> 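Sharing a structure with you now.
Predicted, not measured: the structure shown is a model, and the values here were computed from it. Note on naming: letters A, B, ... go to the chains in the order of the sequence lines (proteins, then strands), and numbering restarts at 1 for each one.
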2 protein chains.
Amino acid sequence: MARASTTSDAFNAIAEPRRREILSYLAGDERPVGEIVAALGLEQPSVSKHLRVLRDVGLVRMRCQGRQKLYRTNAEAIRPLHEWTETFERYWQHQLNRVKELAEATVRQGSTVLKTPNPNQKEKS
Amino acid sequence: MARASTTSDAFNAIAEPRRREILSYLAGDERPVGEIVAALGLEQPSVSKHLRVLRDVGLVRMRCQGRQKLYRTNAEAIRPLHEWTETFERYWQHQLNRVKELAEATVRQGSTVLKTPNPNQKEKS
DNA sequence: TTTACATATTCCCATATGAGCATGTAATGT
DNA sequence: ACATTACATGCTCATATGGGAATATGTAAA
């Protein structure tokens, strides 16, 4: 099998840096394609293709206005990504605490190897 | 140019669903490769290759113990992803408010609203 | 050393990509 | 009707991928 399609989900869609730039640019309000091209310095076909991917996964919305098409980021579609990364928040906080405590303990004494308090673990195997 | 390497950054690395599973599995504490293989039901070479990618971008840490190697998620490396998605939080909250207000207005007036946002829709034009 | 175990790497291959360029299409202006 | 504007799509091509199978590496046990 090859790599999954960029349109398979939001995770794959945002892997491309240009698409992340587009999403940030369109987060505030809707803009026509031409403005994206000018603002980000990309080729027009490239922008259109990126927008197509973003649209396929629901990360942007489109509206026609005369001969131009106005795109806008659908922030709600980014929420699942935020929630997934959030499940790791407690761990990086815990890791920071461990580093901190270890440093303090090292300063206080020579080698105080303490038992690692594991916050909670998913069951094994 | 082709698609960026999976090892180019964390965004590309987590685009692969299996790698996300591995990261979740290794979030609690370190585990040898064999347990990952058993727990996730993947082929051993596949797991090794995914771990290689995750290690290249710093998403996991490795430690040798005898003849096995213990891997653990480096949650801190996920933080930038969390922070990037967070920049959109105010927008999706705003959008939710709009939807809510619209719904309330609709109920008050008893009129039918046509444009219900459909995330899965791949509409044209 | 020989053997068994735990991981890593290599090779092959179907598939997907993104950039550049050309072309198609729809809406507007004259 | 014709030209122009604003996008979208089609094309080729170099490159990266992930799965499977086979193999290599490294460590420990017999």
> Quick check: does any side chain N or O of A/Thr73 sit under 3.5 Å from a backbone N or O of A/Ala75, one acting as donor and the other as acceptor?
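No, because the side chain of A/Thr73 does not come within donor-acceptor range (under 3.5 Å) of the backbone of A/Ala75.
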
> Specify the separation, in whole Å, of atom CD of A/Gln68 and atom P of D/dA8.
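Atom-to-atom, A/Gln68 to D/dA8, this comes out as 11 Å.
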
> What's the shortest heavy-atom distance between A/Phe88 and B/Leu23, and which atoms?
CE2-O, 3.5 Å

> Rounded to the nearest angstrom, tell me the gap between atom CZ in B/Arg67 and atom P in C/dT7.
9 Å

> Determine all donor-acceptor pairs shorter than 3.5 Å in which one atom belongs to a side chain in residues 43-61 of chain B; sequence neighbours excluded.
residue : atom : partner : partner atom : Å
B/Gln44 : NE2  : B/Ser48 : OG           : 3.1
B/His50 : ND1  : B/Arg19 : NH1          : 3.2

> Distance check needed: C/dT9 C1' versus B/Asp56 CG, whole Å only.
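So the CG-C1' distance, B/Asp56 to C/dT9, works out to 13 Å.
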
> For C/dA8, take OP1 and OP2 only and decide whether either is under 4.0 Å from a side-chain N or O of B/Tyr71.
yes

> Given atom CD of B/Gln65 and atom C1' of D/dA28, what is their separation to the nearest angstrom?
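Rounded to the whole Å, the gap is 13 Å.
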
> Could you give the CZ-to-P distance, from B/Arg52 to D/dT17, as a whole number of Å?
12 Å

> Take atom CG of A/Asn12 and atom C1' of C/dT15, then tell me their distance rounded to the nearest Å.
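In whole Å, C/dT15 C1' lies 14 Å from A/Asn12 CG.
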
> What integer distance in Å separates B/Leu70:CG from C/dT7:C1'?
12 Å

> State whether B/Ser48 places a side-chain N or O below 4.0 Å from either non-bridging phosphate oxygen (OP1 or OP2) of C/dT7.
no

> Is the distance between the ring centroids of A/His82 and B/Trp84 under 6.0 Å?
no

> Could you work out, with salt bridge (Lys or Arg N to Asp or Glu O under 4.0 Å) as the rule, every residue matching A/Arg20, not counting sequence neighbours?
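In terms of salt bridge (Lys or Arg N to Asp or Glu O under 4.0 Å), with neighbours along the sequence ignored, A/Arg20 is linked to B/Asp9.
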
> Output one letter per nucleotide in nucleotides 17-23 of chain C: B when a protein non-hydrogen atom lies under 4.0 Å from the base, S when only the sugar-phosphate is that close, - when neither is.
BBSBBB-

> Test A/Arg31 against A/Tyr25 for side chain to side chain donor-acceptor pair (under 3.5 Å), laying out the working first.
CA-CA 9 Å; A/Arg31 302 261 170 80; A/Tyr25 185 70; 3.2 Å; yes

> How many whole angstroms separate atom CD1 of B/Ile36 from atom C1' of C/dA8?
13 Å

